[in-house]
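Computation of the quantities below employed the complete heavy-atom set of this structure, encompassing side-chain atoms and omitting hydrogens, waters and symmetry-equivalent molecules. We name chains A, B, ... by the order of the sequence lines, and we start the count at 1 in each one.
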There are 2 protein chains.
Amino acid sequence: MSAATARRPNPSRKEATHERIVETAARAIRRSGFGGAGVAEIMKEAGLTHGGFYSHFESREGMLAEAADRAGAAGMAGLAQVAAAAPPKQALEAMLRAYLSKEHVEGVETGCAIAALGSEMPRQAPKIRRAATRRSKEMIDLVARQSPDWGQPGAHERALVTVATALGALVLARAVDDRKLSNALREAALNHLIPTD
Amino acid sequence: MSAATARRPNPSRKEATHERIVETAARAIRRSGFGGAGVAEIMKEAGLTHGGFYSHFESREGMLAEAADRAGAAGMAGLAQVAAAAPPKQALEAMLRAYLSKEHVEGVETGCAIAALGSEMPRQAPKIRRAATRRSKEMIDLVARQSPDWGQPGAHERALVTVATALGALVLARAVDDRKLSNALREAALNHLIPTD
DNA sequence: GCGCTCATATGACGATCATCATACACACAT
DNA sequence: ATGTGTGTATGATGATCGTCATATGAGCGC
């Protein structure tokens, strides 16, 4: 428990619950999509009932926007952590290997939000799309910064292509019902994106 | 009530309606997703009421499977047509330019089904996933066949990467709320995928 | 300890959905 | 024309959903 901060009457009680709901929702939307994540189910999964929902969010859509942003942030943070844990020279390679790993293909619920929700984004509310855009730019910048040709002309364009390729390979590898094809997609994208020498 | 009468006064009447419903549904799922395409809405859009639906399909899911396959076939047919209309040497380039055109970014409803539904596929029924897998393979083969290095070792792998890059760029270009970024993604992917000389 | 306040629970409402039972209307053979 | 059968419409049912009004219970200041 928290007995530390005495600034506000009870700063953490409601906020902690709010946080837990958003965290749960961030996983739920990646698992079930925007439409498949019901209010009652999310609250139940967070250890609550559906009643108090509207004291935390003004609407279901508002919650979805928070959840989408959280999901995007979580995926980004995971990638950034992988990059930070690797030697600078191999940061990009480490990120790509993690992004195109079999574990990431199977772990939709905790993985990249753009891959899990990308094709649903065009019809989402402006708030959600803005979050997706911001997180996408972050991801592109992260890749660009770890690229060997950072700062050189065309580096940003190459980062765009790298992200597109990894995202497309992941989405396809998840979509198909054929293990061999799924693995072939991952391997082909990896061999193509990682400079072999 | 209905006995096994082998009498068909008009064999095409019902089939034509069935066809029209599937065609309508194929557009609806690309526009609204699998979950967002309701039975009543699809029937209404096909010029009917929701009542007769279950004389055409055994369930909503069965209809979705037909519609998904139809959507995949339509997207493929469009691409194949573009390829056929271009000089053989430029067939691949023509396909890529069409796939990554601004029109395709904006035309979700009549475009590539994998791009429109890709991130929803992992949680769909087996029938739907099988259709998606088959259509994906067709698309990869189509690209491989039009590639300049067709038959050479590694050509198939290169086709996998080409498809992944185009798909990822299209999904991202549609997802983001930023016109400039959307265009930059299309252009970057095109410049990278089309052999410039 | 007492009562006030806030976070959460209980329960209900209206809307929407897939599904099905039944009634109608049109086309064809006679 | 008339009746028969097939294709579609009308309407209902039960389930699920988002939303909200109200009740309950726990923690904090006095």
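In this entry the distance linking NE2 of B:H56 with C1' of D:dA9 reads 12 Å, nearest Å. The CZ atom of A:R60 sits 13 Å away from the C1' atom of C:dT16 (whole-angstrom rounding). Atom CD1 in B:I21 sits about 12 Å away from atom P in D:dG7, given to the nearest Å. Put simply, CE on A:M43 is 13 Å from P on D:dT19, counting in whole angstrom units. Taking atom CZ of A:F57 as the reference point, atom P of C:dT8 lies 11 Å away to the nearest angstrom. Atom NZ of A:K44 is separated from atom C1' of C:dT8 by 17 Å (rounded to the nearest Å). Atom CD of A:E58 and atom C1' of D:dG18 are 14 Å apart (whole Å). Taking atom CZ of A:F53 as the reference point, atom P of C:dA7 lies 16 Å away to the nearest angstrom.
Look at B:T17 and you'll find a side-chain N or O under 4.0 angstrom from OP1 or OP2 of D:dT8. Remark: A:S55 is not in phosphate contact with C:dC6, judged by side-chain N or O atoms under 4.0 Å from OP1 or OP2.
A distance of 10.5 Å separates CE in B:M121 from CG in A:L172, rounded to the nearest 0.5 Å. A:H18 NE2 to A:H56 NE2: the interatomic distance, rounded to the nearest 0.5 Å, is 8.0 Å. Between the CZ atom of B:R123 and the CZ atom of A:R30 there is a distance of 12.5 Å, given to the nearest 0.5 Å.
A donor-acceptor contact under 3.5 Å is formed by the side chain of B:H50 with the base of D:dG11. In terms of polar N and O atoms assigned as donor or acceptor, the side chain of B:H18 never comes within less than 3.5 Å of the base of D:dG7 in a complementary pairing.
Comparing atom distances between the B:V39 side chain and each of D:dT8, C:dA18, D:dG18 picks out C:dA18 as nearest. Listed nucleotides: D:dT19, C:dC20, C:dT8. Nearest to the side chain of B:Y54: C:dC20. Closest to the side chain of A:L48, from the set D:dT19, C:dA9, D:dT8, is C:dA9.
Look at B:K127 and B:D69 and you find no salt bridge, because none of the NZ, NE, NH1 or NH2 atoms lies under 4.0 Å from a carboxylate O.
Among the protein residues, B:G51 comes within range of the nucleic acid bases, having at least one heavy atom under 4.0 Å from a base atom.
Residues A:L79 and A:L117 are members of separate hydrophobic clusters, defined by side-chain heavy-atom contacts under 4.5 angstrom among Ile, Leu, Val, Met, Phe, Trp and Tyr.
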